[in-house]
Amino acid sequence: PWQDDHGDVHINRGYRVEFNSALGPYKGGLRFHPSVSLGTVKFLGFEQIFKNALTGMPIGGGKGGADFDPKGRSEDEIMRFCQSFMTELYRHLGEYTDVPAGDIGVGTREIGWMFGQYKRITNRYESGTLTGKGLAWGGALVRPEATGYGAVFFLQEMMKVQGRSVDGRTCVVSGAGNVAINAIAKLEQLGGTVVACSDSQGYVYDPDGIHLPTLREVKEVERKTLEAYAERRPNSQHHVRGNIWEVPCEIALPCATQNELNASDAARLVANGCLAVAEGANMPTTPDGIEILRQGGVLFGPGKAANAGGVATSALEMQQNAARDSWSFSKTEAKLAEIMSSIHEQCAATAEAYGRPGDYVLGANIAGFVKVAEAMCALGLI
Ligand code: NDP
Ligand code: 2IT
């Protein structure tokens, strides 16, 4: 329950699915979106188990969230919801038990309000209980960038096998949130040109390349729709409720939400000469979409491998918290790059060993599953 600014009471439903703790404490994000149901949290938690296993870090799999819709709510209203949610959730959490982080609708701001409530209730400054914290209160450098950067590092590894690189390529990135913005930043650093990105209201096409400072101002500071971006960049066009996958590109990164890239989108990407797709979001490509990309010879990095950089860097945040230490940006980014390269190597080697070279979906699923299954067997049956 939470009270809005007019004093009216609202009720939302919150969830935490603690799915598997064979490799470490339950670990995974919290999502605030009106579409959140138990089913959503279960599929995300199931993916998280194998993703976390691929990182090689000591983390189990879980996920949570609520059907609370932050859109149109004031900061005070969102803070009151975060506090109410944590008032129920805190008893299930702990650095050795279950460690949430952000996801759609939950960033550093919301983690702060939830961490504050956890601290208030428990009387413990237990930094390792939540990740994605602000730098001044136990957070780690690179965690905000990690998922988007990591997805691009994975993409780079896939392209390297074919003797290709990101430099000079035309890219499309869906979403305009934490993952998308940081993926765009890294693609641009590596010489790619990102010509389109999207949000829940439509997409923007900017032939000159997405201008990051404008995008950050509109989405992170003002929290407006991409229409405001188009108003400030005269050469760009805003397409209300348009389909971003109609924009021709060589590299496509779906970084918004599940099932956002279907079979006809995949067919369009293939027809337009797309070379590679790396999933920054969780399960953005539908199964028939994946099949069409495979038949079209497009490199495909599934989310549980390609977006694992976020949770891996959360585990690095937990390490720093446990040691009461903080690492430099360059040291942490180098560790992230190393982890993404190792995930790529595990997926590629497993796909090869199972007779399907280049099939990163099969490689990621089997490599992740085997680690978890072996740990479960080693820990004994009950
Ligand atoms: P944010 O809330 O920061 O951004 C989400 C973006 O996607 C926003 O631009 C939002 O539009 C758009 N979006 C959300 N839902 C929909 C929808 N139903 N249809 C169209 N657009 C939508 O979330 P993140 O960037 O953190 O998460 C994006 C994806 O990445 C999710 O799948 C998440 O699970 C996954 N992920 C996130 C990680 C992290 O560390 N944050 C780690 C690994 C995976 P609008 O701006 O209009 O709200
Ligand atoms: O889907 C994900 O991996 C996340 N939302 C990040 C989870 C985490 O614990 O950092």
Side-chain angles (χ1 to χ4, degrees), residues 24-36 40-41 43-52 54-55 57 59-65 69-72 98-111 129-133 139-140 142-151 173-184 197-204 215 218-220 222-229 241-244 253-261 278-285 302-318:
Y26 303 106
K27 181 86 196 86
L30 296 171
R31 177 177 292 190
F32 292 172
H33 193 272
S35 67
V36 167
T40 321
V41 178
F43 100 72
L44 289 165
F46 191 67
E47 282 286 286
Q48 197 83 46
I49 301 169
F50 308 109
K51 180 198 304 192
N52 294 4
L54 287 171
T55 66
M57 320 288 288
I59 41 179
K63 197 83 186 189
D69 187 359
K71 286 236 159 59
D98 185 350
V99 183
D103 194 79
I104 292 177
V106 178
T108 308
R109 183 182 68 169
E110 290 74 18
I111 293 293
T129 298
L130 283 161
T131 61
K133 299 181 293 297
V142 190
R143 178 62 189 87
E145 292 84 0
T147 311
Y149 278 24
V173 176
S174 67
N178 171 268
V179 180
I181 288 176
N182 290 292
I184 294 170
C197 67
S198 62
D199 64 14
S200 58
Q201 306 306 307
Y203 79 87
V204 72
L215 182 65
V218 166
K219 296 304 297 184
E220 292 178 346
E222 300 172 10
R223 295 177 187 262
K224 289 186 175 159
T225 72
L226 289 171
E227 202 174 352
Y229 176 96
R241 279 181 291 281
N243 183 347
I244 191 172
L253 262 67
C255 297
T257 193
Q258 62 271 13
N259 300 325
E260 55 161 319
L261 200 169
E279 295 187 322
N282 283 306
M283 301 193 101
T285 316
K304 70 168 69 64
N307 74 37
V311 75
T313 309
S314 277
L316 299 179
E317 183 175 333
M318 292 163 73

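Just so it is clear, the model here is predicted, and its values are computed rather than measured. In listed order, ligands and their atoms are each counted from 1.
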- [ ] Could you list which atoms of ligand 1 come closer than 4.0 Å to a heavy atom of Gly280?
- [x] 30 (O), 35 (C), 36 (N), 44 (C)
Open item on the list: Using heavy atoms and a 4.0 Å limit, tell me yes or no: is Arg31 in contact with ligand 1?
Closed with: yes
Open item on the list: Checking contacts here: is it the side chain or the backbone of Gln48 that comes within 4.0 Å of ligand 1, counting heavy atoms only? Could be both or neither.
Closed with: neither
Task: Heavy-atom side-chain proximity of Glu317 to Val99 below 4.5 angstrom - done: no
Task: Passing option when Leu253 is tested against Val179, Val173, Asn307 for side-chain contact (heavy atoms from CB on, under 4.5 Å) - done: Val173
Open item on the list: Quick one: does any side-chain atom of Asp199 pair with a main-chain N or O of Leu226 as donor and acceptor, under 3.5 Å?
Closed with: yes
Open item on the list: If we count only N and O atoms by modelled type, under 3.5 Å, do the side chains of Glu260 and Ser174 hold a donor and an acceptor together?
Closed with: yes
Open item on the list: Among all protein heavy atoms in this structure, tell me which lies nearest to atom 32 (O) of ligand 1, with the distance rounded to 0.1 Å.
Closed with: Asn282 N, 3.1 Å
TODO: Please say whether Gly105 places an N or O atom under 3.5 Å from an N or O atom belonging to ligand 1.
DONE: yes
- [ ] Tell me which protein heavy atom sits closest to atom 34 (O) of ligand 1, plus the residue, atom name and distance to 0.1 Å.
- [x] Asp103 OD1, 2.7 Å
Open item on the list: Under a 3.5 Å distance rule, please check whether Ser198 uses its side chain to pair with a backbone N or O of Gly175 as donor and acceptor.
Closed with: yes
Open item on the list: Check for me whether Arg223 has a heavy atom closer than 4.0 Å to any atom of ligand 1.
Closed with: no
- [ ] Name the option, out of Gly102, Gly65, Gly150, Ala101, that contains the heavy atom nearest to atom 8 (C) of ligand 2.
- [x] Ala101
Open item on the list: I'd like to check whether Ala176 has a polar contact with ligand 1, where a contact means an N/O of the residue lying under 3.5 Å from an N/O of the ligand.
Closed with: yes
Task: Proximal candidate to atom 28 (C) of ligand 1 [heavy atom criterion; set Ala281, Ala256, Ala180] - done: Ala256
- [ ] Would you mind reporting whether Gln201 and Glu227 have side-chain heavy atoms less than 4.5 Å apart?
- [x] no
Task: Non-hydrogen atom of Met283 closer than 4.0 Å to ligand 1 - done: no
Open item on the list: I need the contact type for Cys255 against ligand 1. Using non-hydrogen atoms and a strict under-4.0 Å cut-off, is it side chain, backbone, both or neither?
Closed with: backbone
- [ ] Just need the protein heavy atom nearest to atom 7 (C) of ligand 2, so name the residue and atom and give the distance.
- [x] Gly29 N, 3.5 Å
Open item on the list: Does any part of the side chain of Met57, heavy atoms only, come nearer than 4.5 Å to the side chain of Lys27, both counted from C-beta?
Closed with: no
Task: Value rounded to 0.5 Å, distance of OG1 in Thr225 from NZ in Lys71 - done: 10.0 Å
Task: Within reach of ligand 2, part of Thr147 (heavy-atom separation under 4.0 Å) - done: neither
Open item on the list: Taking the side chain as everything from C-beta on, heavy atoms only, tell me whether Val41 gets closer than 4.5 Å to Val36.
Closed with: yes
- [ ] Return the residue, atom name and 0.1 Å-rounded distance of the protein heavy atom closest to atom 19 (N) of ligand 1.
- [x] Thr257 CG2, 3.9 Å
Task: Nearest-neighbour protein heavy atom for atom 23 (O) of ligand 1, which is reported as residue plus atom name and distance - done: Ile104 CA, 3.4 Å
Task: ligand 2-proximal atoms of Arg31, by part, heavy-atom distance under 4.0 Å - done: neither
Open item on the list: Please list the nearest protein heavy atom to atom 10 (O) of ligand 2 with its residue and the distance rounded to 0.1 Å.
Closed with: Ser314 OG, 2.6 Å
- [ ] Report the member of Lys27, Lys63, Arg143 with the shortest heavy-atom distance to atom 6 (C) of ligand 2.
- [x] Arg143
- [ ] Check whether any side-chain heavy atom of Val142 lies under 4.5 Å from a side-chain heavy atom of Leu316, and answer yes or no.
- [x] no
TODO: Answer side chain, backbone, both or neither: which part of Thr147 comes under 4.0 Å from ligand 1, heavy atoms only.
DONE: side chain
TODO: For the residue pair Leu30 and Glu110, establish whether any side-chain heavy-atom pair is separated by less than 4.5 Å.
DONE: no
Task: Close-contact set for ligand 2 against Gly28 heavy atoms, below 4.0 Å - done: 7 (C), 9 (O)
Task: Closest protein heavy atom to atom 41 (N) of ligand 1, given as residue, atom name and distance to 0.1 Å - done: Asn178 OD1, 3.7 Å
TODO: Kindly say whether Lys133 contributes a backbone atom to a donor-acceptor pair with the side chain of Thr108 at under 3.5 angstrom?
DONE: no
Open item on the list: Would you say CZ of Phe46 has more than 12 non-hydrogen atoms from neighbouring residues, nucleotides or ligands within 6.0 angstrom?
Closed with: no
Open item on the list: Geometry only, no angles: is Asn282 polar-contacting ligand 2 at N/O separations under 3.5 Å?
Closed with: yes
Open item on the list: Donor-acceptor check, side chain of Gln48 to backbone of Gly61, threshold 3.5 angstrom: yes or no?
Closed with: no
TODO: Please say whether Gln201 places an N or O atom under 3.5 Å from an N or O atom belonging to ligand 1.
DONE: no
Task: Option set Ser198, Ser314, Gly29, Gly177, criterion heavy-atom distance to atom 8 (C) of ligand 1, minimum - done: Gly177
Open item on the list: Return the closest protein heavy atom for atom 20 (C) of ligand 1 as residue, atom name and distance.
Closed with: Ser200 CA, 3.6 Å
Task: Whether Arg223 side chain and Val218 backbone form a donor-acceptor pair below 3.5 Å - done: no
- [ ] Give the residue, atom name and distance (to 0.1 Å) of the protein heavy atom nearest atom 46 (O) of ligand 1.
- [x] Lys219 NZ, 2.9 Å
Task: N or O pair under 3.5 Å between Lys71 and ligand 1 - done: yes
Task: Polar side-chain atom of Asn178 near backbone of Pro144 as donor-acceptor pair, under 3.5 Å - done: yes
Task: Contact check: Lys63 vs ligand 1, nitrogen or oxygen atoms, below 3.5 angstrom - done: no
Open item on the list: For atom 2 (C) of ligand 2, what's the nearest protein heavy-atom neighbour? Residue, atom name and distance, please.
Closed with: Lys51 NZ, 3.3 Å
TODO: Check Glu47 against ligand 2 and report side chain, backbone, both or neither, counting heavy atoms closer than 4.0 Å.
DONE: neither
Open item on the list: Is there a polar contact between ligand 1 and Val179, counting only N or O atoms under 3.5 Å apart?
Closed with: yes
